[in-house]
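Quick notes on the structure that follows.
Here the structure is a predicted model, which is why all the values come from computation and not from measurement.
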Amino acid sequence: MSQQTYTVSGMTCAACVRHVEKALVATQGVAAASVNLATSTVTVEGTASFEAMALQVEDAGYGLGRIEPEAPAGGGEDLAPARRRMVFALVLTAPMLTMMIPGLGWHLPGWVQALLATPVVFGAGWGFFKRGGRQALHGQASMDTLIALGSGIAWAFAMGEWWRGAHDLSFETAAALVAFLLTGKYLEARAKSRATDALKALLDLAPPTALRIEADGSVMEVPVSTLKPGDRARVLPGQAVPADGRVQAGQAEVDESMLTGEPLPVPKGVGDALVAGTVVHGSALEMEISAVGADTQLAHMAAMVAQAQGSKAPAQDLADRISAVFVPVILVLAAATFIGWWWLGGGLAQAWRPAVTLLVIACPCALGLATPVAVMVGIGAAARKGVLVRDAAALEALGQATDLVFDKTGTLTEGRPRVRRVVPCGAKTESELLAVAASLERDSEHPIARGLRSAYTGSLLAVDGFRTHPGGGITGVVAGTSWRLGSEAFLGQVFPPVDGDATAVGLVDDGGLQGVFVLGDQLRKEAPGVVGELQRQGLKLHLLTGDRIAPARAMAAAVGIVEVIAEVRPEGKLAQITALQKRGAVVGFVGDGVNDAPALAQADCGIAMGSGAGEQGTGAAMAAAPLVLLRPGLEPILAARRLALRTHRVIRQNLAWAFGYNLLLVPLAAFGQLERFGGPMLAGVAMGLSSLTVVLNALRLRR
């Protein structure tokens with residue numbers, strides 16, 4: 001079952017989200033659909049064709065569009081049509097509003113007012129009527145329904161006044177209502193476009209051209225789109241790397257801050273990885289291209305950020321449930337308001353204004369935007385800090401976490417164990433034992449494997465029947481002999497005593513234990529400070545590792561963690577996290593993203609430690625966890641936690657504003673208390689400002 005993301009046009013409020021999702025789910029072959037109002041996108045799971053889904057969405061009053069590969073979801077929208085409609089409406093409405101200025105003493109004839117107001121209501125505001133009408137055919141209602149009814153009733157009543165020869169007409173109310181709403185929606189769209197700045201910045205990192213080195217050694221400037229894997233390119237100082245690849249000649253420093261958040265440039269030499277969009281300083285580099293276009297890390301990151309910005313946070317569920325009944329309730333209240341004022345003897349002239357005011361002022365735009373726009377900005381801000389968020393729920397869970405569980409190797413430690421000594425337990429020498437161990441670990445990316453390989457400088461031996469046993473060790477046949485390499489528990493052996501902070505790995509053949517490798521890892525220098533700050537925030541911290549209990553306790557004591565569970569396999573880590581969750585804890589797990597994959601997936605917020613841009617560990621981590629730290633070290637955890645707390649706080653503020661706005665103003669509108677301030681015109685301004693307020697509040701997360 002495939003998953004695709006599409007753009008949706010015509011959505012204006014939370015009710016629209018429900019209508020689009022309902023239309024898509026009703027399409028044969030669609031298993032699930034999730035709409036994001038802030039990004040105007042929908043993620044669809046299923047096998048239905050685009051054409052079938054587009055017909056269903058169009059029938060519901062909206063439009064479905066494909067996303068171009070070079071423009072990931074959330075990348076922005078063309079505001080020019082909205083700006084033209086706004087200017088057209090304001091220009092035609094302005095002469096009618098000037099009649100309301102005290103002391104001006106001028107009045108436009110009724111036919112002129114009708115001539116000005118009609119194009120505004122049914123021209124610039126035609127989209128409200130078109131979408132509202134289509135929805136009405138399906139028994140649905142949204143903000144478009146409320147606006148179409150409000151402006152249509154105001155215009156119809158003004159026409160009736162003019163026909164009866166009244167002097168004071170209400171055309172300015174109908175026109176101003178549409179003009180103010182279009183202005184508010186345009187300002188809201190502009191503010192929302194700023195929320196995607198982080199994604200736009202990522203997409204703009206890659207240069208449009210590259211200096212390709214031809215077969216004869218000459219250099220030619222070519223479009224980046226023409227590069228292919230295997231090409232060679234030259235990157236001059238101050239220029240951005242055009243594609244992913246490796247350094248073939250030269251030495252320089254490379255600024256990777258936009259990808260990792262790390263401000264200091266990274267030294268690069270022959271064989272080192274380069275990532276598209278990073279900037280070379282100091283000297284020119286020659287590189288061999290390994291990935292271009294959509295296959296680069298930059299493109300993958302942009303796609304992940306866009307996907308995450310389009311995902312829904314759990315807090316959105318409340319707004320979605322309310323929006324399902326909100327608009328129908330408002331329609332009933334508006335009808336009751338109209339009937340009530342008419343019944344009390346006010347007549348049509350008195351009854352329609354409070355009813356229209358209630359219709360317009362209650363539009364649930366702010367409610368629909370409250371959560372998704374905050375999530376979108378928060379995820380973009382995280383990307384600038386070197387924290388890649390793949391799922392909005394993970395960011396919200398990190399802000400609500402009660403417990404944080406750490407793996408040890410590569411997390412609290414640097415993840416680069418070195419062989420301290422080799423203890424022969426049989427007839428083989430240290431060099432022979434290292435040759436077998438390094439050969440067995442030839443293709444492994446585990447930190448222990450890298451440590452064993454780095455300790456052996458000779459030629460590796462051929463290995464047959466290689467097999468890995470997660471959390472235990474590996475097996476294989478070298479020179480006709482079956483070998484097992486791993487922990488005491490995996491091998492069923494008792495090792496000689498080793499240092500308390502060291503890790504022991506044994507090597508066994510058919511004759512028994514042949515040797516023990518004692519490896520030591522360095523504690524990250526920032527670990528005690530980060531752990532202390534997290535504890536001050538009220539988090540309960542745990543250390544969960546497959547290592548022996550002695551080095552695990554030594555490491556935990558060094559950083560200040562009390563809860564320690566050691567010698568657990570991957571399935572044991574999964575069980576421990578599940579047990580914490582059953583006790584009501586909201587659990588975050590920090591691991592290396594490879595052996596810890598089950599735990600990362602089970603945790604409410606899985607946090608994978610990246611190895612920096614261009615390293616294989618980062619790619620593995622991206623695949624394993626919903627939240628990835630691209631910058632080396634533990635400090636990004638604090639940055640991610642602070643951002644998660646701020647995002648959660650902004651979501652609460654936005655929802656409180658959206659609910660409070662309606663709870664306060666709807667009763668005032670129903671009882672006519674807003675008439676002295678402009679009635680329907682005030683409602684149009686207030687509705688636009690309410691939506692703009694939640695967007696601007698969310699944009700504070702960029703700071």
Side-chain angles (χ1 to χ4, degrees), residues 4-27 30 33-44 48-86 88-89 123-138 140-148 178 181-193 195-196 199-200 306-307 309-310 312 320 323 327 363-365 368-369 372-373 376 688 691 695:
Q4 295 291 332
T5 300
Y6 305 96
T7 61
V8 183
S9 58
M11 293 192 302
T12 52
C13 69
C16 298
V17 171
R18 304 282 293 191
H19 297 161
V20 174
E21 289 178 345
K22 186 177 180 179
L24 284 168
V25 171
T27 308
V30 173
S34 177
V35 173
N36 187 294
L37 179 62
T39 57
S40 297
T41 59
V42 58
T43 300
V44 181
S49 67
F50 170 78
E51 290 74 16
M53 292 186 291
L55 284 175
Q56 285 286 93
V57 172
E58 184 178 353
D59 192 44
Y62 307 92
L64 191 70
R66 288 190 173 94
I67 296 176
E68 297 299 326
E70 63 273 13
E77 60 178 304
D78 182 11
L79 300 179
R83 183 169 57 249
R84 287 194 295 269
R85 286 192 296 271
M86 175 192 70
F88 176 79
W126 177 244
F128 299 128
F129 291 90
K130 178 182 177 181
R131 292 186 294 269
R134 285 186 176 178
Q135 292 157 17
L137 293 176
H138 295 273
Q140 299 171 343
S142 71
M143 167 194 152
D144 298 303
T145 309
L146 304 183
I147 301 306
V178 172
L181 287 169
L182 291 176
T183 301
K185 298 304 291 182
Y186 172 72
L187 294 175
E188 173 195 315
R190 281 195 62 182
K192 281 165 57 180
S193 71
T196 63
L199 180 56
K200 296 171 188 173
Q307 181 181 0
Q309 287 182 331
K312 282 189 179 181
D320 287 347
S323 69
V327 174
C363 288
C365 302
L369 289 170
V373 76
M376 183 168 64
S691 299
V695 175

(request) Using the test side-chain hydrogen bond (donor to acceptor under 3.5 Å, both in side chains), find all partners of Arg84 that sit at least two apart in sequence or belong to another chain. (result) none
(message) Let me confirm one number: the OG1-CD distance from Thr43 to Glu21, rounded to the nearest 0.5 Å.
(response) 10.0 Å
(request) To the nearest 0.5 Å, tell me how far Met86 CE sits from Tyr186 OH. (result) 5.5 Å
(request) Using ring pair (Phe, Tyr, Trp, His ring centres under 6.0 Å) as the criterion, list what pairs up with Phe50, not counting sequence neighbours. (result) Tyr6
(request) Enumerate the residue pairs fulfilling side-chain hydrogen bond (donor to acceptor under 3.5 Å, both in side chains) with a member in residues 53-63, sequence neighbours excluded, ordered by first and then second residue. (result) His19-Tyr62, Asp59-His138, Tyr62-Gln135
(request) Identify the two heavy atoms, one from Val30 and one from Leu24, that lie closest to each other, and give their separation to 0.1 Å. (result) CB-O, 3.2 Å
(message) List the residues meeting side-chain contact (heavy atoms from CB on, under 4.5 Å) with Ser49, not counting sequence neighbours, and say none if there are none.
(response) Glu51, Ala52
(request) Taking side-chain contact (heavy atoms from CB on, under 4.5 Å) as the test, write out the residues that go with Ala89, two or more places apart. (result) Val120, Ala124, Ala179, Leu182
(request) Any chance you could measure Ile147, atom CD1, to Arg131, atom CZ, to the nearest 0.5 Å? (result) 10.5 Å
(request) Taking the side chain as every heavy atom from C-beta outward, state whether Val42 and Thr5 have any pair of such atoms under 4.5 Å apart. (result) no
(request) Report yes if the side chains of Val8 and Leu64 come closer than 4.5 Å at any heavy-atom pair, otherwise no. (result) yes
(message) If you compare all heavy atoms of Gly132 against all heavy atoms of Asp144, which two are closest, and at what distance to 0.1 Å?
(response) N-CB, 3.8 Å
(request) To the nearest 0.5 angstrom, please state how far the OG1 atom of Thr27 sits from the CG atom of Leu55. (result) 9.0 Å
(request) Please name all residues satisfying side-chain contact (heavy atoms from CB on, under 4.5 Å) with Lys22, sequence neighbours left out, ordered by chain then number. (result) Gln140
(request) Report yes or no: does Ser40 contribute a side-chain atom to a donor-acceptor pair with the main-chain N or O of Ser9 at less than 3.5 Å? (result) no
